[in-house]
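Before any comments, here is the structure.
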Amino acid sequence: QVQLAESGGGLVQAGGSLRLSCAASGRTWNIYTVGWFRRVPGKEREFVGVISWNGGSTDYADSVKGRFSISRDYARNTVYLQMNSLNAEDTAVYYCAAGPRIATKAPGAYGSWGQGTQVTVSS
């Protein structure tokens with residue numbers, strides 16, 4: 001129904017910033033929430049944050065609260081993850097996914113996962 005594609009990852013020094021993009025295509029009028037998750041080798045996917053597509057309300061994991069910010073651009077059908085004050089613990093593959101009407105941090109509730117984009121923070 002909805003296809004999502006992440007971009008914007010790369011190598012950044014500790015304390016630096018990156019902005020990731022999540023471009024949506026297909027039945028975008030059926031988007032309710034968009035979540036950001038990250039994964040490191042050997043660990044389960046970790047919730048980063050979520051945005052309500054229509055209302056714009058957001059929620060974040062405690063580990064990124066105050067440093068990361070999610071926004072959306074209706075004209076471009078794109079959700080952004082602005083990441084500031086990055087540290088080594090933020091190194092991961094970052095994914096976006098479409099979620100249910102009620103925002104949740106559970107990755108199993110999401111679908112239409114993108115391919116992921118690598119973020120590496122160098123100390």
Side-chain angles (χ1 to χ4, degrees):
Q1 297 295 310
V2 178
Q3 296 81 47
L4 303 177
E6 306 91 341
S7 63
L11 176 65
V12 63
Q13 295 185 63
S17 299
L18 278 176
R19 189 180 74 163
L20 306 184
S21 298
C22 175
S25 60
R27 299 174 65 87
T28 58
W29 56 90
N30 287 331
I31 295 177
Y32 299 114
T33 58
V34 175
W36 284 95
F37 297 81
R38 63 189 183 186
R39 186 183 181 95
V40 299
K43 295 185 178 180
E44 187 59 75
R45 276 176 287 187
E46 176 189 16
F47 172 77
V48 174
V50 60
I51 186 169
S52 173
W53 181 253
N54 289 321
S57 60
T58 55
D59 194 20
Y60 303 93
D62 289 340
S63 60
V64 306
K65 197 170 299 181
R67 300 188 297 119
F68 291 11
S69 179
I70 303 174
S71 61
R72 85 275 197 220
D73 185 332
Y74 290 123
R76 298 182 184 276
N77 286 326
T78 300
V79 172
Y80 301 99
L81 176 64
Q82 178 67 47
M83 306 185 295
N84 301 318
S85 301
L86 287 162
N87 56 59
E89 288 69 44
D90 297 316
T91 295
V93 177
Y94 283 73
Y95 301 87
C96 62
R101 290 181 175 86
I102 301 176
T104 178
K105 63 181 180 181
Y110 290 78
S112 300
W113 294 86
Q115 295 294 313
T117 185
Q118 175 72 49
V119 172
T120 302
V121 183
S122 174
S123 60

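Count residues from 1 along the sequence. All values derive from a computational prediction rather than experimental measurement. FYI, side chains are in, hydrogens and waters are out, and symmetry mates aren't considered; it's all heavy atoms of this structure.
- Of all heavy-atom pairs between Leu4 and Cys96, the closest is CB-SG, 3.8 Å.
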Full working for salt bridge (Lys or Arg N to Asp or Glu O under 4.0 Å) between Glu44 and Arg39: CA-CA 6 Å; Glu44 187 59 75; Arg39 186 183 181 95; 3.3 Å; yes
Pair Asp90-Arg67, salt bridge (Lys or Arg N to Asp or Glu O under 4.0 Å): steps then yes or no: CA-CA 11 Å; Asp90 297 316; Arg67 300 188 297 119; 2.8 Å; yes
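- Put simply, the side chain of Phe68 reaches to within 4.5 Å of the side chain of Leu86, judged on heavy atoms.
- Of the N and O atoms on the side chains of Asp73 and Thr78, not one donor lies less than 3.5 Å from an acceptor on the other residue.
- At least one side-chain heavy atom of Trp36 sits less than 4.5 Å from a side-chain heavy atom of Ile70.
- At least one side-chain heavy atom of Glu46 sits less than 4.5 Å from a side-chain heavy atom of Ser63.
- Side chain of Thr91 to main chain of Ala88: a donor-acceptor pair is present (N/O by atom type, distance under 3.5 Å, no hydrogens or angles).
- Within the cation-pi definition used here (under 6.0 Å to the ring centroid, within 45° of the axis), Arg101 qualifies as a partner of Tyr32.
- By the rule that hydrophobic residues join a cluster once side-chain heavy atoms approach within less than 4.5 Å of another member, Tyr95 and Val79 end up as members of separate clusters.
- In summary, the aromatic rings of Tyr110 and Phe37 are positioned with their centroids under 6.0 Å apart.
- A donor-acceptor contact closer than 3.5 angstrom is absent between the side chains of Arg19 and Gln82.
- Side-chain atoms of Thr117 and Ser7, non-hydrogen and from C-beta on, never get closer than 4.5 Å to each other.
- Counting only heavy atoms from C-beta outward, the side chains of Ser69 and Tyr80 never approach each other to under 4.5 Å.
- Side-chain contact between Thr33 and Pro100 is present, with at least one heavy-atom pair separated by less than 4.5 Å.
- For an aromatic pair to be called close, the ring centres must be under 6.0 Å apart, and Trp53 with Tyr74 satisfies this.
- Of the possible donor and acceptor atoms, one in the side chain of Ser112 sits under 3.5 Å from a partner among the backbone N and O of Val2.
- Counting only distance, with no hydrogens or angles, the side chain of Glu6 and the backbone of Leu20 share no donor-acceptor pair below 3.5 Å.
- The shortest distance between side-chain heavy atoms of Val93 and Arg38 does not fall below 4.5 Å.
- Using a 4.5 Å heavy-atom threshold, the side chains of Ser122 and Val12 count as separate.
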